[in-house]
There are 2 protein chains.
Amino acid sequence: MTKNKSLLLDIIRAAPRHMTAEQIFLAAKEQRPGIAMATVYNNLGALVAEGLIRRLHIVGQADRYDRNIDQHEHLVCDGCGRISDEKFEDFLAELSKQVGAAVSSYELNMHYLCADCRNDQL
Amino acid sequence: MTKNKSLLLDIIRAAPRHMTAEQIFLAAKEQRPGIAMATVYNNLGALVAEGLIRRLHIVGQADRYDRNIDQHEHLVCDGCGRISDEKFEDFLAELSKQVGAAVSSYELNMHYLCADCRNDQL
DNA sequence: TTTTAGAATTAGAATTGTTCTAAAATTATT
DNA sequence: AATAATTTTAGAACAATTCTAATTCTAAAA
């Protein structure tokens with residue numbers, strides 16, 4: 001665990017929401033102005049490989065990084081783009097049962113309109 | 001519906017599996033050697049917008065295109081990369097119930113090892 | 001302390017997948 | 001046939017990410 005790696009981990013853990021590599025890079029720069037984008041990508045990759053964070057893919061967006069490493073689901077507002085976490089109980093087991101094979105992991109992104117965006121439409 | 005668009009749609013509908021834009025481009029070239037990549041992207045985008053095909057995002061892979069336009073789930077083998085379809089009944093309604101809001105669509109990619117890859121590991 | 005070896009970091013080039021642009025070709029309309 | 005609208009093309013541009021090779025840091029050994 002190097003200084004940069006732990007700095008990035010701190011940033012991700014302190015973040016109120018799922019950040020892109022670029023946002024993490026900008027945040028890291030405030031404390032270590034010389035840091036390079038490649039260092040950010042290197043360390044994010046390492047942190048993902050070590051299982052300390054998770055990488056998120058949302059259609060049409062850059063990858064985001066999630067401090068929450070438990071299996072969980074994502075709710076994406078198609079109005080404002082905001083992403084929030086959901087937690088379905090025993091979902092992995094449920095999926096394994098449904099497909100009749102051991103599902104090791106999954107990504108579930110659900111799209112909807114959040115309350116704010118629903119109101120704006122009226 | 002132009003000639004190229006319908007050619008691409010035919011290719012996707014005839015495909016035994018989910019193809020990338022590049023694979024579709026190569027297949028289209030056999031029947032129309034001069035076709036440009038931009039035409040493929042243009043028409044794939046149009047077909048997706050018209051709801052005639054669906055676009056798929058799998059982590060770490062280029063987008064793929066799916067002839068099956070019903071909401072369904074994907075099972076990705078982490079051994080060979082093969083993607084297969086699943087169909088859970090009333091899943092969208094189930095998700096809406098779970099999150100307490102109207103989910104309009106979702107992507108669910110489940111990872112596992114297919115029977116072949118499981119056997120190879122023994 | 002210096003030396004050394006290995007790992008981490010850097011800057012920037014390269015790559016990938018995709019979109020954009022402007023001109024040319026095709027198709028449909030008058 | 002003339003005009004307009006649409007589609008296609010080739011290639012440039014782009015964004016996100018990965019790679020590369022030189023440099024710097026770190027920490028253990030001499």
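Note on naming: letters A, B, ... go to the chains in the order of the sequence lines (proteins, then strands), and numbering restarts at 1 for each one.
In this structure, Phe25(A) and Thr39(A) have side chains that are not in contact, with every pair of non-hydrogen atoms separated by 4.5 Å or more.
Per the geometry, CG belonging to Asp63(A) stands 17 Å off P belonging to dT16(C), to the nearest Å. Distance CZ (Phe25(A)) to C1' (dA15(D)): 15 Å, rounded to an integer number of Å. Lys5(B) has its NZ atom 19 Å from the P atom of dT26(C), to the nearest Å. Between the OH atom of Tyr65(B) and the C1' atom of dT18(C) there is a distance of 9 Å, rounded to whole Å. Nucleotide dA8(C) holds its P atom 11 Å from the CE atom of Met1(A), rounded to whole Å. Going from atom NE2 of His57(A) over to atom C1' of dT18(C) covers 15 Å, rounded to whole Å. Remark: P of dT18(C) and CD of Gln23(B) are 11 Å apart, rounded to the nearest angstrom. As rounded to whole Å, 15 Å separates atom C1' of dA8(C) from atom CG of Leu44(A).
Within the shown strands, dA5(D) is the pairing partner of dT26(C) under the Watson-Crick or G-U definition, both distances less than 3.5 Å. Pairing for dA29(D) is with dT2(C), a Watson-Crick or G-U wobble pair whose two hydrogen-bonding atom distances lie under 3.5 Å.
Nearest nucleotide to the Ala38(A) side chain, out of dA10(D), dT10(C), dT26(D): dT10(C). Listed nucleotides: dC20(C), dT10(C), dT17(D). Nearest to the side chain of Ile35(A): dT10(C). The side chain of Glu22(A) lies closest to dA16(D), out of dT10(C), dA10(D), dA16(D). The nucleotide whose nearest atom lies closest to any side-chain atom of Asn43(B) is, among dT18(C), dT8(D), dT10(C), dT8(D). For Ala62(B), the listed nucleotide lying nearest its side chain is dG17(C); candidates were dT10(C), dT17(D), dG17(C). For Ala21(A), counting side-chain heavy atoms from C-beta on, the closest listed nucleotide (dG11(D), dT17(D), dT8(D)) is dT17(D).
Taking a 6.0 Å sphere around CZ of Arg82(B), one finds it holds 12 or fewer heavy atoms contributed by other residues, nucleotides or ligands. Atom NZ of Lys97(A) is surrounded by 12 or fewer heavy atoms from other residues, nucleotides or ligands within 6.0 Å.
Judged by distance alone, the side chains of Arg55(A) and Tyr65(A) do bring a donor and an acceptor atom under 3.5 Å apart. Side chains of His72(B) and Asp66(B): a donor on one and an acceptor on the other come within 3.5 Å.
Summary of the strand contacts: Met37(B) and Arg32(A) both lie near DNA chain C, and taking for each the nucleotide with the nearest heavy atom, the more 5' one is attributed to Arg32(A).
Between Tyr41(A) and the phosphate of dT18(D), there is no side-chain N or O to OP1/OP2 separation shorter than 4.0 Å. Under 4.0 angstrom from either OP1 or OP2 of dA8(C) there lies no side-chain N or O belonging to Asn4(A). When the side-chain nitrogen and oxygen atoms of Thr2(B) are compared with OP1 and OP2 of dT7(D), none of them lie within a distance under 4.0 Å. Close to dT19(C), at under 4.0 Å from its OP1 or OP2, lies no side-chain N or O of Asn42(B).
Across all strands, Gly34(B) comes closer than 4.0 Å only to sugar-phosphate atoms, never to a base (heavy-atom distances).
Salt-bridge formation is detected for the pair Lys5(A)/Glu50(A): a Lys NZ or Arg NE/NH1/NH2 atom is positioned less than 4.0 Å from an Asp or Glu carboxylate oxygen.
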